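Just below is one structure, and these are the notes that go with it.
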Amino acid sequence: NAGVTQTPKFRVLKTGQSMTLLCAQDMNHEYMYWYRQDPGMGLRLIHYSVGEGTTAKGEVPDGYNVSRLKKQNFLLGLESAAPSQTSVYFCASSPRDRANYGYTFGSGTRLTVV
Amino acid sequence: KNEVEQSPQNLTAQEGEFITINCSYSVGISALHWLQQHPGGGIVSLFMLSSGKKKHGRLIATINIQEKHSSLHITASHPRDSAVYICAAATFSGGGADGLTFGKGTHLIIQP
């Protein structure tokens, strides 16, 4: 009964390095989302996916790329990390009928870019 | 775009006190979510409600659709209730991709 699993949980990057955050869900959900959480702000949507092979931009997509090659996985990539990308990143998933079944969130990835 | 305001931003109370956290939103919604985030932890969904009231243990969530307002109550608060509580307004027609607009959260500390 894992739900939504995010790896890694913590990471420190140097400016300019790249990395990939992995989100995996075992609930057969169609929709998946990546958010960032910054102090004093609500969660903001980076990218989302409504199905395998499809992705779209959210509110703050610049500097990030995503891929969803398999239904259960949603990857968030930082090609050239910047200090402004220091944040806590959350992944979430939902069934298509999210109005009735809501969302499931992961435990977060705490990323520091120095 | 929906705007979601939470109050208070910070709340410190003594163990056993009755806690109320408020959430107001500007546009009609499909549902209102209450989420809980423990320090350094993940986000857990507490309630999703579109009308009336829901109760789970010591937690109660209410919503007034006409007034565009929701409240989260904690009865007999305990130090383990210390967390950030986030409300999120869901709009599934014409809204953002995830349909969610999040409040900034209420940081609750319950002292023994």
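Note that this is a predicted model, so its numbers are computed, not measured. A note on names: the letters A, B, ... follow the listed sequences, proteins ahead of strands, and every chain is numbered from 1.
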[X] atom [atom1], over 12 foreign heavy atoms within 6.0 Å:
X: E67(B); atom1: CD; answer: no
X: E52(A); atom1: CD; answer: yes
X: E15(B); atom1: CD; answer: yes

For this session: Among Y101(A), Y103(A), F90(A), single out the residue with the greatest number of heavy-atom pairs under 4.5 Å to chain B.
Result: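 Most heavy-atom pairs within the cutoff with chain B belong to Y103(A).
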Joint hydrophobic cluster, [X] plus [Y], side-chain heavy atoms closer than 4.5 Å:
X: I21(B); Y: Y25(B); answer: yes
X: Y48(A); Y: L43(A); answer: yes
X: L45(A); Y: L21(A); answer: no
X: Y31(A); Y: F74(A); answer: no
X: L111(A); Y: V66(A); answer: yes

Exercise. Taking only residues two or more places apart in sequence or in another chain, which ones pass side-chain contact (heavy atoms from CB on, under 4.5 Å) with S7(B)?
Worked result: N22(B)
Exercise. Looking only at heavy atoms, which of residues 33-63 of chain B get nearer than 4.5 Å to chain A?
Worked result: H33(B), L35(B), Q37(B), G40(B), G41(B), G42(B), I43(B), S45(B), M48(B)
For this session: Considering only heavy atoms, give the residues of residues 102-112 of chain B separated from chain A by less than 4.5 Å, sorted numerically, with 'none' for an empty result.
Result: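 Contacts with chain A: F102(B), G103(B), K104(B).
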For this session: Answer with side chain, backbone, both or neither: which region of R44(A) has an atom nearer than 4.5 Å to a non-hydrogen atom of chain B?
Result: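 R44(A) has no heavy atom closer than 4.5 Å to chain B.
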Problem set entry | Set of residues satisfying ring pair (Phe, Tyr, Trp, His ring centres under 6.0 Å) with respect to F18(B), sequence neighbours excluded |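 Ring pair (Phe, Tyr, Trp, His ring centres under 6.0 Å) check on F18(B) returns H73(B).
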For this session: To the nearest 0.5 angstrom, please state how far the CD1 atom of I86(B) sits from the CD atom of Q37(A).
Result: 5.5 Å
Exercise. Heavy atoms, side chains only, cut-off 4.5 Å: are T101(B) and E59(A) in contact?
Worked result: no
